[in-house]
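This report concerns only the one structure given below.
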2 protein chains.
Amino acid sequence: MQYNFNKTLFIEKLKSSCSKTHVRNFKKGETITTYIEKRNQICFVLKGEADLIRYDLNGNKTIIGHFTLGDVFGEVFYPANTNNELFVEAKKNAEILFLLYDDIQEKCKKGCQFHEELKESLSDIILEKVIELNTRIELLTKRNTRDKLLSYFDILSSNRMNKTITIPFSYTDLADYLSVDRSAMTRELSHLIEDGFIKKYGNKITLLY
Amino acid sequence: MQYNFNKTLFIEKLKSSCSKTHVRNFKKGETITTYIEKRNQICFVLKGEADLIRYDLNGNKTIIGHFTLGDVFGEVFYPANTNNELFVEAKKNAEILFLLYDDIQEKCKKGCQFHEELKESLSDIILEKVIELNTRIELLTKRNTRDKLLSYFDILSSNRMNKTITIPFSYTDLADYLSVDRSAMTRELSHLIEDGFIKKYGNKITLLY
DNA sequence: GTAAAACTGTTGCATATGCAACAGAAAAAA
DNA sequence: TTTTTTCTGTTGCATATGCAACAGTTTTAC
């Protein structure tokens with residue numbers, strides 16, 4: 001966002017000109033990829049939405065990441081020795097472009113005309129990912145549910161530059177994203193309404209402060 | 001770690017050959033930088049250790065990140081519209097190399113012999129940052145203090161490939177890093193000992209599972 | 001060396017959060 | 001359409017966590 005770099009244009013170019021990529025479509029609910037074996041795969045969302053999900057031993061679901069148009073995910077972003085089973089699931093019919101980090105750095109070099117440009121853009125793309133993750137960490141380090149909710153609303157609100165926001169999740173999923181219990185979160189939402197911090201109409205929230 | 005890229009060598013080269021960088025020494029406790037105004041600064045730890053810290057309105061301290069030799073931090077990794085005041089503090093006498101992301105991408109291009117190599121390495125460096133942040137998110141999404149502690153110990157243990165680990169923090173700071181109350185964490189540590197999960201000798205912990 | 005400051009382990013108490021269960025609403029599937 | 005599934009809001013209860021306070025220890029500063 002903050003760097004003058006046209007990501008959409010970039011992805012279009014990538015799709016049409018790099019021989020090392022491939023594109024696949026997924027239906028809602030399908031598993032796009034699992035992070036078990038360590039490949040250095042990078043994936044771009046061309047259409048639709050996807051969630052990066054972890055289930056722990058107690059069956060708790062955590063939405064580690066939520067990806068939409070232009071977002072990037074993949075095993076290359078995770079440590080090799082992760083003992084968590086993560087997988088990415090299509091939330092809506094989705095079109096995903098796959099390629100390997102190594103192919104960008106090495107193999108593609110000879111044939112692909114677009115290659116130099118890709119390499120230049122790569123650090124910008126990964127940098128954007130870093131910013132996304134730091135934003136998420138800001139959220140997760142908040143000590144209680146109220147602060148997590150307010151932080152989340154603030155982020156959406158300042159992104160859209162609007163005091164009224166639309167939650168891009170079901171409330172069930174939002175709880176999994178904030179890493180809190182759903183019923184406790186709903187309870188806290190009620191408190192926020194009582195205390196005059198927010199108004200709530202379905203999946204729309206208006207910040208009153 | 002996982003890419004065959006020599007970071008130490010890289011930093012040495014960077015320090016000696018790029019005219020756009022500068023290096024400064026800090027004493028323990030000194031503030032290295034604050035993330036208020038938005039510059040696209042990148043900083044490398046050449047010596048010592050540093051913490052990225054946030055204080056919330058209630059005075060709670062959170063250690064957002066902990067950096068040692070070779071680690072990278074800086075405003076460039078944060079969204080422009082962050083309303084949190086973050087700052088980086090030297091934990092031990094530290095030597096820090098500063099440069100601007102824009103200088104790598106643009107201005108340095110003409111004069112600096114090392115520039116091309118720097119650009120190639122840049123995406124590897126930022127990628128390493130992404131992996132570090134995803135590891136941190138795995139930790140923070142754990143639902144309770146016990147799981148956070150065990151995850152943290154696991155990460156240290158598998159990095160050092162040793163069942164006995166040395167906590168690189170004071171326990172006070174570890175609590176701030178895990179985003180939990182110190183006394184609650186100490187209590188949970190006692191429970192982990194009682195339940196036979198760990199043994200504890202000062203700042204050394206042995207995993208018994 | 002001595003004084004001051006920070007760290008550690010512990011506890012009682014208040015409360016936020018998790019958990020289980022339920023019914024009505026909404027959405028998806030048939 | 002009808003049926004099935006998922007989502008939502010709520011509540012009672014158990015408990016994990018936060019908070020405040022304290023004393024003993026260790027570390028830093030003078």
Side-chain angles (χ1 to χ4, degrees), chain A residues 27-30 51 53 55-63 89-93 140-150 166-195 197-205, chain B residues 27-30 51 53 55-63 89-93 140-150 166-195 197-205:
Chain A
K27 291 189 180 167
K28 177 175 176 176
E30 269 193 283
D51 284 348
I53 294 168
Y55 286 100
D56 67 20
L57 299 173
N58 306 320
N60 284 317
K61 177 182 173 185
T62 302
I63 299 180
E89 186 183 303
K91 295 298 287 181
K92 301 183 179 175
N93 290 352
L140 292 170
T141 48
K142 293 295 157 67
R143 299 297 177 97
N144 54 49
T145 306
R146 169 166 291 205
D147 287 347
K148 284 184 179 177
L149 283 168
L150 291 178
T166 303
I167 310 293
F169 287 117
S170 69
Y171 283 100
T172 303
D173 282 355
L174 178 58
D176 293 337
Y177 185 73
L178 300 182
S179 221
V180 296
D181 178 74
R182 185 191 63 82
S183 70
M185 188 192 79
T186 310
R187 188 191 291 141
E188 192 55 41
L189 277 171
S190 303
H191 293 162
L192 282 170
I193 294 167
E194 283 170 29
D195 296 350
F197 283 92
I198 60 169
K199 280 189 177 169
K200 176 167 174 293
Y201 328 81
N203 66 343
K204 293 203 191 314
I205 301 248
Chain B
K27 291 189 178 164
K28 178 176 177 176
E30 268 193 285
D51 284 349
I53 295 169
Y55 285 100
D56 68 18
L57 299 173
N58 306 320
N60 284 317
K61 177 183 175 184
T62 303
I63 298 179
E89 186 183 303
K91 295 299 289 182
K92 301 183 178 173
N93 290 352
L140 291 170
T141 48
K142 293 294 156 66
R143 299 297 177 96
N144 53 50
T145 305
R146 171 167 290 206
D147 287 348
K148 284 183 179 180
L149 283 167
L150 291 179
T166 304
I167 311 293
F169 287 117
S170 69
Y171 284 100
T172 303
D173 281 356
L174 178 57
D176 293 337
Y177 185 73
L178 300 182
S179 219
V180 297
D181 178 75
R182 184 191 64 82
S183 68
M185 187 193 80
T186 309
R187 182 163 43 207
E188 192 54 40
L189 277 171
S190 303
H191 293 162
L192 282 170
I193 294 166
E194 283 170 30
D195 296 352
F197 282 92
I198 61 169
K199 279 189 179 170
K200 177 169 173 293
Y201 327 81
N203 66 344
K204 294 204 191 310
I205 301 248

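To find a chain, count down the sequence lines: A is the first, B the second, and so on, and within it residues start at 1.
Looking at heavy-atom distances under 4.0 Å, Lys200(A) makes contact with sugar-phosphate atoms alone, never a base. Note on Thr186(B): a base of the nucleic acid sits closer than 4.0 angstrom, heavy atoms only. As judged by a 4.0 angstrom heavy-atom cut-off over every strand, Arg187(B) is placed among the base-contacting residues. Within the nucleic acid shown, Ser183(A) comes within 4.0 Å of at least one base atom, counting heavy atoms only. Contacts of Arg182(B) with the nucleic acid, taken as non-hydrogen atoms under 4.0 Å apart, include base atoms.
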Between protein and nucleotides 24-26 of chain C, what N or O pairs are separated by less than 3.5 Å?
none

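Look at Thr172(B) and you won't find any side-chain N or O under 4.0 angstrom from OP1 or OP2 of dA6(C).
Checked by atom type and distance alone, the side chain of Asn93(B) pairs as donor or acceptor with a backbone atom of Lys28(B) at under 3.5 Å. Of the possible polar contacts, one joining the Asp181(A) side chain to the Ser183(A) backbone as a donor-acceptor pair under 3.5 Å is found.
Counting to the nearest Å, the P atom of dA6(C) and the CG atom of Asp173(B) are 12 Å from each other. Atom CD1 of Ile167(B) and atom C1' of dG9(C) are 16 Å apart (whole Å). Atom CG in Leu189(B) sits roughly 11 Å away from atom P in dT8(C) (whole-Å rounding).
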Chi angles and distances behind the salt bridge (Lys or Arg N to Asp or Glu O under 4.0 Å) call for Asp173(A), Lys91(A): CA-CA 11 Å; Asp173(A) 282 355; Lys91(A) 295 298 287 181; 3.1 Å; yes
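Every residue two or more places apart in sequence or in another chain that forms a ring pair (Phe, Tyr, Trp, His ring centres under 6.0 Å) with Phe169(A) is listed here: His66(A), Tyr177(A). In terms of the salt bridge (charged side-chain N to carboxylate O under 4.0 Å, His left out) criterion, residue partners of Arg146(A) (sequence neighbours excluded) are, by chain and number, Glu188(A), Asp195(A). Among residues two or more places apart in sequence or in another chain, the side chain to side chain donor-acceptor pair (under 3.5 Å) test is passed with Thr145(B) by none. Every residue two or more places apart in sequence or in another chain was checked for a salt bridge (charged side-chain N to carboxylate O under 4.0 Å, His left out) with Lys199(B), and none qualifies.
The residue among Asn60(B) and Lys28(B) whose nearest nucleotide of DNA chain D lies closer to the 5′ end is Asn60(B). For the pair Tyr171(A) and Asp181(B), nearest-nucleotide mapping onto DNA chain D gives the more 5' position to Tyr171(A).
Counting non-hydrogen atoms of other residues, nucleotides and ligands closer than 6.0 Å to NZ of Lys61(A) gives a total above 12.
In 5' to 3' order, the nucleotides of DNA chain D bounding all contacts with chain B (an atom under 4.0 Å from a heavy atom) are dT17(D) to dT28(D).
Here Asp176(A) contributes atom CG and Arg182(A) contributes atom CZ; the two are 10.0 Å apart, rounded to the nearest 0.5 Å.
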